[in-house]
Amino acid sequence: MSNLSPDAPAPVIDVHAHILLPALQQLVAEADPQGFGAQQALEVRRNGPESMAASGKMIKERWPQLTDLDRRLADMDAQGVDVQLVSPSPSHFYYFAGEELSLQLARAANQAVREFVERAPERLNGLGLVPLQHPHLMVDSLEHAVLECGLLGVEIGSFAATPAADRTTVELSDPRLEPFWSRAAELGALVFLHPFGCSLDERLDRFYLANTVSQPAENAVALSHLVFSGVLDRHPGLKVLAAHGGGYLPTTLGRSDHAWRVRPEAHGCAEPPSSYLKKLYFDSLVHSAAELRALVAAAGPGQVLLGSDYPFDMGSDQPVTEVNQAQLPSAAETKVLAGNAAALGITPASTRTVSHPA
(Lines give C-alpha, C1' and ligand atoms only; values in the text may rest on other atoms or scores of the structure.)
Protein backbone atom coordinates (compact mmCIF):
# COMPACT_ATOMS: atom_id res chain seq x y z
CA MET A 1 0.00 0.00 0.00
CA SER A 2 1.03 3.61 -0.44
CA ASN A 3 2.71 5.26 2.54
CA LEU A 4 1.56 8.85 2.10
CA SER A 5 0.14 9.42 5.62
CA PRO A 6 1.59 12.42 7.50
CA ASP A 7 3.69 10.25 9.81
CA ALA A 8 4.97 7.91 7.09
CA PRO A 9 8.51 7.87 5.75
CA ALA A 10 9.32 10.04 2.75
CA PRO A 11 7.44 8.76 -0.30
CA VAL A 12 9.29 6.38 -2.61
CA ILE A 13 9.42 8.00 -6.05
CA ASP A 14 9.94 6.29 -9.43
CA VAL A 15 11.16 8.83 -11.98
CA HIS A 16 11.10 6.57 -15.04
CA ALA A 17 7.66 5.27 -16.00
CA HIS A 18 5.75 5.48 -19.28
CA ILE A 19 2.27 5.64 -20.71
CA LEU A 20 1.05 4.99 -24.23
CA LEU A 21 -1.13 7.57 -25.98
CA PRO A 22 -3.04 5.75 -28.73
CA ALA A 23 -4.81 8.93 -29.84
CA LEU A 24 -1.44 10.57 -30.47
CA GLN A 25 -0.35 7.75 -32.75
CA GLN A 26 -3.64 7.95 -34.64
CA LEU A 27 -3.20 11.71 -35.03
CA VAL A 28 0.26 11.46 -36.58
CA ALA A 29 -0.65 8.46 -38.74
CA GLU A 30 -3.57 10.37 -40.25
CA ALA A 31 -1.79 13.72 -40.56
CA ASP A 32 1.44 12.38 -42.08
CA PRO A 33 0.93 8.82 -43.32
CA GLN A 34 4.09 8.93 -45.44
CA GLY A 35 6.30 10.08 -42.56
CA PHE A 36 4.67 7.66 -40.15
CA GLY A 37 5.12 4.78 -42.57
CA ALA A 38 8.77 5.67 -43.09
CA GLN A 39 9.30 5.77 -39.34
CA GLN A 40 7.72 2.33 -38.95
CA ALA A 41 9.92 0.96 -41.72
CA LEU A 42 12.99 2.45 -40.01
CA GLU A 43 12.07 0.69 -36.77
CA VAL A 44 11.82 -2.63 -38.61
CA ARG A 45 15.21 -2.02 -40.19
CA ARG A 46 16.82 -1.06 -36.90
CA ASN A 47 15.35 -3.84 -34.80
CA GLY A 48 15.02 -6.77 -37.18
CA PRO A 49 12.00 -9.07 -37.57
CA GLU A 50 12.65 -11.23 -34.51
CA SER A 51 12.78 -8.30 -32.11
CA MET A 52 9.85 -6.57 -33.75
CA ALA A 53 7.71 -9.68 -33.25
CA ALA A 54 8.77 -10.06 -29.62
CA SER A 55 8.16 -6.37 -28.90
CA GLY A 56 4.72 -6.48 -30.50
CA LYS A 57 3.75 -9.39 -28.28
CA MET A 58 5.13 -7.61 -25.20
CA ILE A 59 3.17 -4.41 -25.89
CA LYS A 60 -0.04 -6.40 -26.40
CA GLU A 61 0.45 -8.24 -23.11
CA ARG A 62 1.28 -5.05 -21.20
CA TRP A 63 -1.36 -2.82 -22.75
CA PRO A 64 -3.34 -2.54 -19.47
CA GLN A 65 -0.25 -1.34 -17.58
CA LEU A 66 0.46 1.23 -20.30
CA THR A 67 -3.05 2.67 -20.45
CA ASP A 68 -5.11 1.77 -17.36
CA LEU A 69 -4.72 3.95 -14.26
CA ASP A 70 -6.13 1.46 -11.76
CA ARG A 71 -3.74 -1.26 -12.90
CA ARG A 72 -0.83 1.17 -12.64
CA LEU A 73 -1.70 2.21 -9.10
CA ALA A 74 -2.09 -1.41 -8.01
CA ASP A 75 1.32 -2.25 -9.48
CA MET A 76 2.87 0.74 -7.75
CA ASP A 77 1.47 -0.45 -4.43
CA ALA A 78 2.88 -3.93 -5.03
CA GLN A 79 6.31 -2.45 -5.83
CA GLY A 80 6.36 -0.16 -2.81
CA VAL A 81 6.31 2.94 -5.05
CA ASP A 82 4.31 5.91 -3.81
CA VAL A 83 4.77 8.36 -6.68
CA GLN A 84 5.58 7.91 -10.38
CA LEU A 85 6.93 10.52 -12.75
CA VAL A 86 5.06 9.57 -15.91
CA SER A 87 6.36 10.31 -19.41
CA PRO A 88 5.10 9.31 -22.85
CA SER A 89 6.56 6.21 -24.42
CA PRO A 90 9.56 7.37 -26.48
CA SER A 91 7.83 5.85 -29.49
CA HIS A 92 5.76 9.05 -29.41
CA PHE A 93 8.69 11.35 -30.19
CA TYR A 94 7.78 11.44 -33.91
CA TYR A 95 10.82 13.52 -34.82
CA PHE A 96 9.99 13.16 -38.53
CA ALA A 97 7.02 15.53 -38.21
CA GLY A 98 7.04 18.94 -39.87
CA GLU A 99 6.78 22.18 -37.92
CA GLU A 100 3.01 22.63 -37.68
CA LEU A 101 2.33 18.97 -36.96
CA SER A 102 5.15 18.74 -34.40
CA LEU A 103 3.66 21.58 -32.36
CA GLN A 104 0.24 19.95 -32.55
CA LEU A 105 1.66 16.62 -31.40
CA ALA A 106 3.58 18.15 -28.50
CA ARG A 107 0.55 20.02 -27.26
CA ALA A 108 -1.66 16.94 -27.59
CA ALA A 109 0.88 14.85 -25.68
CA ASN A 110 1.28 17.46 -22.95
CA GLN A 111 -2.46 17.72 -22.48
CA ALA A 112 -2.92 13.93 -22.48
CA VAL A 113 -0.25 13.48 -19.80
CA ARG A 114 -1.81 16.29 -17.77
CA GLU A 115 -5.23 14.64 -17.92
CA PHE A 116 -3.77 11.28 -16.92
CA VAL A 117 -1.85 12.52 -13.88
CA GLU A 118 -4.71 14.75 -12.74
CA ARG A 119 -6.73 11.59 -12.13
CA ALA A 120 -4.32 10.63 -9.32
CA PRO A 121 -2.39 13.78 -8.32
CA GLU A 122 -1.14 12.26 -5.06
CA ARG A 123 0.46 9.39 -6.95
CA LEU A 124 1.52 10.79 -10.32
CA ASN A 125 3.59 13.63 -11.78
CA GLY A 126 4.06 14.17 -15.51
CA LEU A 127 6.51 15.11 -18.24
CA GLY A 128 5.59 16.39 -21.70
CA LEU A 129 7.23 16.46 -25.12
CA VAL A 130 9.03 19.01 -27.29
CA PRO A 131 9.97 18.81 -31.01
CA LEU A 132 13.73 18.27 -30.86
CA GLN A 133 13.88 18.22 -34.67
CA HIS A 134 12.74 21.87 -34.70
CA PRO A 135 14.90 23.65 -32.09
CA HIS A 136 13.21 27.01 -32.65
CA LEU A 137 9.87 25.51 -31.57
CA MET A 138 11.07 23.82 -28.40
CA VAL A 139 10.61 26.74 -26.03
CA ASP A 140 6.97 27.11 -27.05
CA SER A 141 6.26 23.45 -26.31
CA LEU A 142 8.26 23.54 -23.07
CA GLU A 143 6.26 26.51 -21.82
CA HIS A 144 3.03 24.78 -22.81
CA ALA A 145 4.04 21.68 -20.85
CA VAL A 146 5.22 23.50 -17.72
CA LEU A 147 3.23 26.74 -17.54
CA GLU A 148 -0.07 25.71 -19.14
CA CYS A 149 -0.27 22.00 -18.29
CA GLY A 150 1.52 22.08 -14.95
CA LEU A 151 3.97 19.31 -15.85
CA LEU A 152 7.39 19.11 -14.22
CA GLY A 153 9.35 19.21 -17.45
CA VAL A 154 9.78 17.36 -20.72
CA GLU A 155 11.26 14.20 -22.18
CA ILE A 156 13.67 14.33 -25.13
CA GLY A 157 15.57 11.82 -27.23
CA SER A 158 19.32 11.59 -27.68
CA PHE A 159 19.24 13.16 -31.15
CA ALA A 160 16.79 13.99 -33.92
CA ALA A 161 17.13 13.67 -37.66
CA THR A 162 15.32 16.65 -39.13
CA PRO A 163 12.52 16.15 -41.67
CA ALA A 164 14.31 18.45 -44.12
CA ALA A 165 15.64 17.17 -47.41
CA ASP A 166 19.25 17.36 -46.26
CA ARG A 167 18.48 15.08 -43.28
CA THR A 168 20.68 17.00 -40.91
CA THR A 169 20.92 15.78 -37.33
CA VAL A 170 20.13 17.81 -34.23
CA GLU A 171 22.53 16.84 -31.45
CA LEU A 172 22.19 18.09 -27.88
CA SER A 173 25.25 20.29 -28.45
CA ASP A 174 23.50 22.15 -31.29
CA PRO A 175 23.75 25.92 -30.70
CA ARG A 176 20.12 26.23 -31.79
CA LEU A 177 19.10 24.54 -28.53
CA GLU A 178 20.53 27.34 -26.38
CA PRO A 179 17.18 29.13 -25.90
CA PHE A 180 15.62 25.83 -24.83
CA TRP A 181 18.32 25.06 -22.27
CA SER A 182 18.12 28.61 -20.96
CA ARG A 183 14.34 28.55 -20.57
CA ALA A 184 14.38 25.08 -18.99
CA ALA A 185 16.87 26.29 -16.39
CA GLU A 186 14.85 29.46 -15.79
CA LEU A 187 11.66 27.47 -15.27
CA GLY A 188 13.36 24.84 -13.11
CA ALA A 189 12.00 22.29 -15.56
CA LEU A 190 13.33 18.75 -15.56
CA VAL A 191 14.69 17.50 -18.91
CA PHE A 192 14.47 13.71 -19.07
CA LEU A 193 16.92 12.27 -21.60
CA HIS A 194 15.56 8.99 -22.96
CA PRO A 195 17.00 7.56 -26.20
CA PHE A 196 14.78 6.03 -28.84
CA GLY A 197 16.50 4.49 -31.82
CA CYS A 198 20.17 4.49 -32.71
CA SER A 199 22.04 5.74 -35.75
CA LEU A 200 23.95 2.44 -35.95
CA ASP A 201 20.78 1.03 -37.57
CA GLU A 202 21.23 -2.46 -39.09
CA ARG A 203 24.43 -3.18 -37.18
CA LEU A 204 22.15 -3.75 -34.17
CA ASP A 205 19.28 -5.57 -35.90
CA ARG A 206 19.69 -8.93 -34.14
CA PHE A 207 19.97 -10.31 -30.62
CA TYR A 208 18.02 -7.23 -29.38
CA LEU A 209 21.18 -5.17 -29.65
CA ALA A 210 18.92 -2.35 -30.85
CA ASN A 211 18.04 -1.96 -27.19
CA THR A 212 20.75 -3.56 -25.07
CA VAL A 213 23.63 -1.78 -26.83
CA SER A 214 21.93 1.20 -28.45
CA GLN A 215 20.27 2.67 -25.36
CA PRO A 216 23.43 2.95 -23.23
CA ALA A 217 25.47 4.00 -26.27
CA GLU A 218 23.01 6.74 -27.19
CA ASN A 219 22.96 8.01 -23.61
CA ALA A 220 26.76 8.20 -23.60
CA VAL A 221 26.86 10.09 -26.89
CA ALA A 222 24.10 12.54 -25.98
CA LEU A 223 25.51 13.29 -22.53
CA SER A 224 28.97 13.76 -24.05
CA HIS A 225 27.53 16.35 -26.43
CA LEU A 226 26.06 18.18 -23.43
CA VAL A 227 29.28 18.06 -21.44
CA PHE A 228 31.94 18.74 -24.07
CA SER A 229 29.99 21.58 -25.69
CA GLY A 230 29.81 23.50 -22.42
CA VAL A 231 26.00 23.46 -22.13
CA LEU A 232 26.24 22.65 -18.44
CA ASP A 233 28.73 25.50 -17.92
CA ARG A 234 26.48 28.03 -19.59
CA HIS A 235 23.34 26.80 -17.81
CA PRO A 236 24.39 25.75 -14.30
CA GLY A 237 20.80 25.55 -13.10
CA LEU A 238 19.81 23.02 -15.76
CA LYS A 239 18.27 19.79 -14.43
CA VAL A 240 18.98 16.88 -16.79
CA LEU A 241 17.96 13.36 -15.80
CA ALA A 242 19.40 10.52 -17.89
CA ALA A 243 17.55 7.22 -18.22
CA HIS A 244 19.22 3.82 -17.86
CA GLY A 245 21.82 5.10 -15.43
CA GLY A 246 23.32 7.34 -18.09
CA GLY A 247 24.34 4.34 -20.16
CA TYR A 248 28.01 3.73 -20.74
CA LEU A 249 29.12 7.21 -19.74
CA PRO A 250 29.27 7.61 -15.93
CA THR A 251 31.73 4.83 -15.11
CA THR A 252 33.94 5.11 -18.22
CA LEU A 253 34.99 8.76 -18.26
CA GLY A 254 38.74 8.30 -17.90
CA ARG A 255 39.21 8.41 -21.66
CA SER A 256 37.08 11.55 -21.92
CA ASP A 257 39.07 13.26 -19.18
CA HIS A 258 42.30 12.37 -20.99
CA ALA A 259 40.98 13.75 -24.27
CA TRP A 260 39.98 16.97 -22.47
CA ARG A 261 43.56 17.34 -21.26
CA VAL A 262 45.39 16.58 -24.52
CA ARG A 263 43.04 17.43 -27.40
CA PRO A 264 42.14 21.08 -28.08
CA GLU A 265 38.90 20.19 -29.86
CA ALA A 266 37.77 18.27 -26.75
CA HIS A 267 38.30 21.27 -24.47
CA GLY A 268 34.94 22.99 -24.92
CA CYS A 269 33.95 22.52 -21.29
CA ALA A 270 35.53 24.36 -18.39
CA GLU A 271 36.37 21.32 -16.24
CA PRO A 272 37.27 17.66 -16.85
CA PRO A 273 34.22 15.76 -18.16
CA SER A 274 34.00 13.51 -15.10
CA SER A 275 33.35 16.54 -12.90
CA TYR A 276 29.99 17.09 -14.63
CA LEU A 277 28.53 13.90 -13.20
CA LYS A 278 27.75 15.98 -10.11
CA LYS A 279 25.68 18.31 -12.29
CA LEU A 280 23.60 15.56 -13.90
CA TYR A 281 21.00 13.15 -12.57
CA PHE A 282 20.67 9.46 -13.39
CA ASP A 283 18.01 6.86 -12.80
CA SER A 284 18.89 3.60 -11.05
CA LEU A 285 17.90 1.29 -13.92
CA VAL A 286 21.18 -0.53 -14.60
CA HIS A 287 20.04 -4.12 -13.84
CA SER A 288 23.10 -4.85 -11.72
CA ALA A 289 23.79 -4.26 -8.03
CA ALA A 290 27.50 -3.80 -8.75
CA GLU A 291 26.83 -1.30 -11.54
CA LEU A 292 24.41 0.66 -9.36
CA ARG A 293 27.05 0.90 -6.62
CA ALA A 294 29.55 2.07 -9.25
CA LEU A 295 27.11 4.69 -10.55
CA VAL A 296 26.48 6.06 -7.06
CA ALA A 297 30.22 6.11 -6.39
CA ALA A 298 30.93 7.96 -9.66
CA ALA A 299 28.10 10.52 -9.61
CA GLY A 300 27.50 10.78 -5.89
CA PRO A 301 24.50 9.60 -3.85
CA GLY A 302 22.71 12.89 -4.47
CA GLN A 303 22.53 12.37 -8.24
CA VAL A 304 20.84 8.96 -8.59
CA LEU A 305 17.06 8.44 -8.47
CA LEU A 306 14.86 5.35 -8.51
CA GLY A 307 13.78 4.36 -12.01
CA SER A 308 11.83 1.33 -13.26
CA ASP A 309 10.95 1.93 -16.95
CA TYR A 310 7.48 0.70 -16.00
CA PRO A 311 5.93 -1.29 -17.55
CA PHE A 312 8.25 -2.40 -20.37
CA ASP A 313 10.02 -5.75 -20.26
CA MET A 314 13.45 -4.07 -20.25
CA GLY A 315 12.47 -2.30 -17.06
CA SER A 316 12.29 -3.62 -13.53
CA ASP A 317 9.15 -5.13 -12.01
CA GLN A 318 10.67 -4.66 -8.54
CA PRO A 319 12.76 -1.48 -8.72
CA VAL A 320 12.81 -0.85 -4.96
CA THR A 321 14.05 -4.37 -4.30
CA GLU A 322 16.82 -3.93 -6.86
CA VAL A 323 18.02 -0.78 -5.10
CA ASN A 324 17.90 -2.63 -1.79
CA GLN A 325 20.01 -5.43 -3.27
CA ALA A 326 22.81 -2.97 -4.09
CA GLN A 327 23.38 -2.65 -0.34
CA LEU A 328 24.14 1.05 -0.48
CA PRO A 329 24.77 2.91 2.76
CA SER A 330 21.45 3.68 4.42
CA ALA A 331 21.63 7.43 3.80
CA ALA A 332 22.47 6.90 0.12
CA GLU A 333 19.65 4.40 -0.34
CA THR A 334 17.17 6.85 1.17
CA LYS A 335 18.32 9.54 -1.22
CA VAL A 336 17.97 7.24 -4.23
CA LEU A 337 14.52 6.00 -3.26
CA ALA A 338 13.01 9.27 -2.08
CA GLY A 339 15.13 12.26 -1.16
CA ASN A 340 16.74 13.13 -4.48
CA ALA A 341 13.45 13.11 -6.38
CA ALA A 342 11.76 15.19 -3.69
CA ALA A 343 14.59 17.72 -3.93
CA LEU A 344 13.81 18.06 -7.64
CA GLY A 345 10.15 18.74 -6.88
CA ILE A 346 8.85 15.28 -7.81
CA THR A 347 6.41 14.88 -4.93
CA PRO A 348 2.74 14.22 -4.17
CA ALA A 349 0.51 17.12 -5.21
CA SER A 350 -0.35 18.00 -1.62
CA THR A 351 3.30 18.65 -0.76
CA ARG A 352 4.31 20.35 -4.00
CA THR A 353 5.04 24.07 -4.20
CA VAL A 354 5.54 25.25 -7.74
CA SER A 355 6.55 28.79 -8.67
CA HIS A 356 7.57 29.30 -12.28
CA PRO A 357 8.83 32.53 -13.81
CA ALA A 358 6.37 34.00 -16.29
| query | Hey, what's the ring geometry for His18 with Phe312, parallel, tilted or perpendicular (30° and 60° as the breaks)? | reply | tilted
| query | Between the main-chain N or O of Val170 and the side-chain N or O of Asp174, is there a donor-acceptor pair closer than 3.5 Å? | reply | no
| query | Hey, are Asp77 and Arg72 close enough for a salt bridge, meaning a charged N less than 4.0 Å from a carboxylate O? | reply | no
| query | Just by distance, do the side chain of Asp14 and the backbone of Gln84 share a donor-acceptor pair under 3.5 Å? | reply | no
| request: Please determine, by modelled atom types, if Gln104 and Glu100 share a side-chain donor-acceptor pair under 3.5 angstrom. | output: no
| Under the 3.5 angstrom rule, does the side chain of Asn110 hit a backbone N or O of Ala106 as a donor-acceptor pair? | yes
| query | Any ion pair linking Arg183 and Glu143 (charged N to carboxylate O, less than 4.0 Å)? | reply | yes
| In Å and rounded to the nearest 0.5 Å, what is the OG1 to NE2 distance from Thr212 to His244? | 11.5 Å
| request: Answer with yes or no whether the side chains of His136 and Glu99 bring together a donor and an acceptor at under 3.5 Å. | output: yes
| field | Carboxylate-amine/guanidinium proximity below 4.0 Å for Asp313 and Lys57 | value | no
| query | Would you call Arg71-Asp75 a salt bridge at under 4.0 Å N-O? | reply | yes
| Taking atom types as modelled and ignoring hydrogens, do the side chains of His235 and Glu178 form a donor-acceptor contact shorter than 3.5 angstrom? | yes
| query | Are any of the side-chain nitrogens in Arg206 or Glu50 under 4.0 Å away from the carboxylate oxygens of its partner? | reply | no
| field | Check: Gln26/Glu30 side-chain N/O donor and acceptor closer than 3.5 Å | value | yes
